[in-house]
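Okay, structure first, notes after.
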Amino acid sequence: MRIDGSCACGFIAIEGEADPENVSICHCTDCQTGTGSAFRVSVLVPGTSFKMTGTPTSYLKTTADSGTPRIQAFCPHCGSPIYSTSPGEGVQDAYRVRVGILRQRREFAPKRQNWFRSALPWITSLPAIEKNQKGG
């Protein structure tokens, strides 16, 4: 499926191809810290189709729960998380693009949850919490 999107301020724009079956939630403590929330939702985008305008700021995270080094990229102006990928020069094999920046975000429902052992205990009680259709 064709995707496109941008950060909150529009400085970074991305496009590519993504399979809606490759959407995951990550509950690891690095993702909780990196989002400032309970989890991160990402979709795998092959490097061969990934295109980006603007230059993100990135850092190498070497202490992830998995032990695998990851580049975390975000907009240098508004701070929106853009993607994570393997370290290295040039185009990478794949990018884990943050679903929240996609115009097609409604079509990318998660298919799996990773690092669930780190999930915050209230995650499973969300259906019981009061819901407001607008601000509350």
Side-chain angles (χ1 to χ4, degrees):
M1 172 180 186
R2 195 87 189 127
I3 59 165
D4 64 283
S6 66
C7 64
C9 73
F11 178 72
I12 303 284
I14 66 101
E15 60 182 59
E17 294 285 332
D19 182 347
E21 295 298 312
N22 287 329
V23 179
S24 61
I25 291 173
C26 185
H27 294 279
C28 81
T29 56
D30 286 333
C31 285
Q32 291 171 1
T33 302
T35 62
S37 190
F39 52 81
R40 184 182 323 246
V41 183
S42 301
V43 62
L44 193 66
V45 176
T48 54
S49 76
F50 184 75
K51 305 286 184 260
M52 181 173 55
T53 59
T55 303
T57 296
S58 63
Y59 65 95
L60 177 63
K61 182 69 177 173
T62 59
T63 58
D65 285 345
S66 67
T68 304
R70 298 291 289 166
I71 296 291
Q72 302 289 334
F74 56 95
C75 176
H77 298 287
C78 67
S80 296
I82 307 297
Y83 65 79
S84 65
T85 192
S86 301
E89 296 297 318
V91 175
Q92 299 304 305
D93 289 339
Y95 296 82
R96 285 218 155 267
V97 173
R98 307 316 180 207
V99 168
I101 70 168
L102 301 179
R103 283 190 323 114
Q104 301 81 9
R105 67 181 68 94
R106 288 180 168 269
E107 299 171 52
F108 286 88
K111 304 299 185 205
R112 70 192 59 77
Q113 297 183 68
N114 299 319
W115 293 96
F116 198 75
R117 71 180 188 192
S118 301
L120 299 177
W122 48 262
I123 288 291
T124 57
S125 64
L126 287 176
I129 296 174
E130 178 183 339
K131 295 164 185 66
N132 298 309
Q133 295 302 313
K134 292 190 176 184

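Hydrogens, waters and symmetry mates are skipped; everything else that's a heavy atom, side chains included, is used.
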Report task. Of all the heavy-atom pairs spanning H27 and A119, show the shortest one and how long it is. Result -> ND1-CB, 3.5 Å
Report summary line: To the nearest 0.5 Å, atom CZ of R106 lies from atom CD of Q104 at 12.5 Å
Query raised in the report: Between I3 and I14, is a side-chain contact (heavy atoms from CB on, under 4.5 Å) present by the stated rule, with each step listed?
Result: CA-CA 8 Å; I3 59 165; I14 66 101; 4.1 Å; yes
Requested in this report: Mind listing the closest non-hydrogen atom pair of G34 and P81 along with its distance?
Outcome: O-CG, 4.5 Å
Report task. Look at the side chain of K61 and the backbone N and O of Y59, then say whether any donor-acceptor pair between them is shorter than 3.5 Å. Result -> no
Report task. Step through it carefully: locate the ring centre of Y83, locate the ring centre of F50, and say whether they are under 6.0 Å apart. Result -> yes
Requested in this report: Taking the side chain as every heavy atom from C-beta outward, state whether L102 and D4 have any atom pair closer than 4.5 Å.
Outcome: no
Query raised in the report: Sub-3.5 Å donor-acceptor pair from the side chain of R105 to the main-chain atoms of G100, do we have one?
Result: yes
**Report entry** side chain to side chain donor-acceptor pair (under 3.5 Å) evaluation trace for Q72 with D30
**Finding:** CA-CA 11 Å; Q72 302 289 334; D30 286 333; over 6 Å; no
Requested in this report: Taking D19 for its side chain and E21 for its backbone only, find out whether a donor-acceptor pair lies under 3.5 Å.
Outcome: yes
Query raised in the report: Does T57 use its side chain to pair, donor to acceptor, with the backbone of C75 at less than 3.5 Å?
Result: no
Query - Check: R2 side chain, G16 main-chain N or O, donor-acceptor pair, under 3.5 Å - result: yes
Report task. Would you please test R96 and L44 for side-chain contact (heavy atoms from CB on, under 4.5 Å) and show each step? Result -> CA-CA 5 Å; R96 285 218 155 267; L44 193 66; 4.1 Å; yes
Query - E17 side chain to P46 backbone, donor-acceptor under 3.5 Å - result: no
**Report entry** For P127 against T124, the heavy-atom pair lying closest together
**Finding:** CD-O, 3.7 Å
Query raised in the report: To the nearest 0.5 Å, what is the distance between CD1 (I82) and CD1 (I101)?
Result: 4.5 Å
Query raised in the report: Is there side-chain contact between M1 and F108, with at least one heavy-atom pair below 4.5 Å?
Result: yes
Query raised in the report: For the residue pair A38 and L120, what are the closest heavy atoms and their distance?
Result: CB-CD1, 3.8 Å
Requested in this report: For side-chain contact (heavy atoms from CB on, under 4.5 Å), just list the numbers for V99 and V23, CA-CA rounded to whole Å, side-chain angles, deciding distance to a tenth of an Å, and then say yes or no.
Outcome: CA-CA 8 Å; V99 168; V23 179; 4.2 Å; yes
Query raised in the report: Going from CD1 on I123 to OG on S118, what distance comes out if it is rounded to the nearest 0.5 angstrom?
Result: 11.5 Å
Query raised in the report: Going by heavy atoms in the side chains, are P76 and F11 under 4.5 Å from each other?
Result: yes
**Report entry** Verify same cluster id: Y95, L60 (apolar side-chain graph, 4.5 Å)
**Finding:** no
Query raised in the report: Taking a hydrophobic cluster as the set of Ile, Leu, Val, Met, Phe, Trp and Tyr residues connected by side-chain heavy atoms closer than 4.5 Å, whether directly or through intermediates, do I25 and I129 fall within one such cluster?
Result: yes
Query raised in the report: Can any side-chain N or O of Q113 pair as donor or acceptor with the backbone N or O of C26 at less than 3.5 Å?
Result: no
Report summary line: Note: P110 and V41 closest approach over all heavy atoms is CG-CG1, 4.2 Å
**Report entry** Point-to-point distance, once rounded to the nearest 0.5 Å, from CD of Q92 to CD1 of I71
**Finding:** 8.0 Å
Requested in this report: Answer yes if F116 and L126 sit in the same cluster of Ile, Leu, Val, Met, Phe, Trp and Tyr residues linked by side chain heavy atoms under 4.5 Å apart, and no otherwise.
Outcome: no
Query raised in the report: Looking at side-chain heavy atoms only, is the closest gap between S84 and R98 below 4.5 Å?
Result: yes
**Report entry** Neighbour count above 12 (heavy atom, 6.0 Å) for R112 CZ
**Finding:** yes
Query raised in the report: Does any N or O in the side chain of S24 come within less than 3.5 Å of the main-chain N or O of K111, such that one atom is a donor and the other an acceptor?
Result: no
Report summary line: All heavy atoms of E130 vs all of N132, minimum pair found to be OE2-OD1, 3.4 Å
Query raised in the report: When rounded to the nearest 0.5 angstrom, what is the spacing between OG in S37 and CD in Q32?
Result: 8.5 Å
Query raised in the report: Which is it for R40 and S42 under the side-chain contact (heavy atoms from CB on, under 4.5 Å) test, yes or no, and what are the steps along the way?
Result: CA-CA 7 Å; R40 184 182 323 246; S42 301; 3.8 Å; yes
Query raised in the report: Roughly how far apart are K51 NZ and T48 OG1, rounded to 0.5 Å?
Result: 7.5 Å
Requested in this report: Evaluate the side-chain proximity of I12 to T55: yes if any heavy-atom separation is below 4.5 Å, no if none is.
Outcome: no
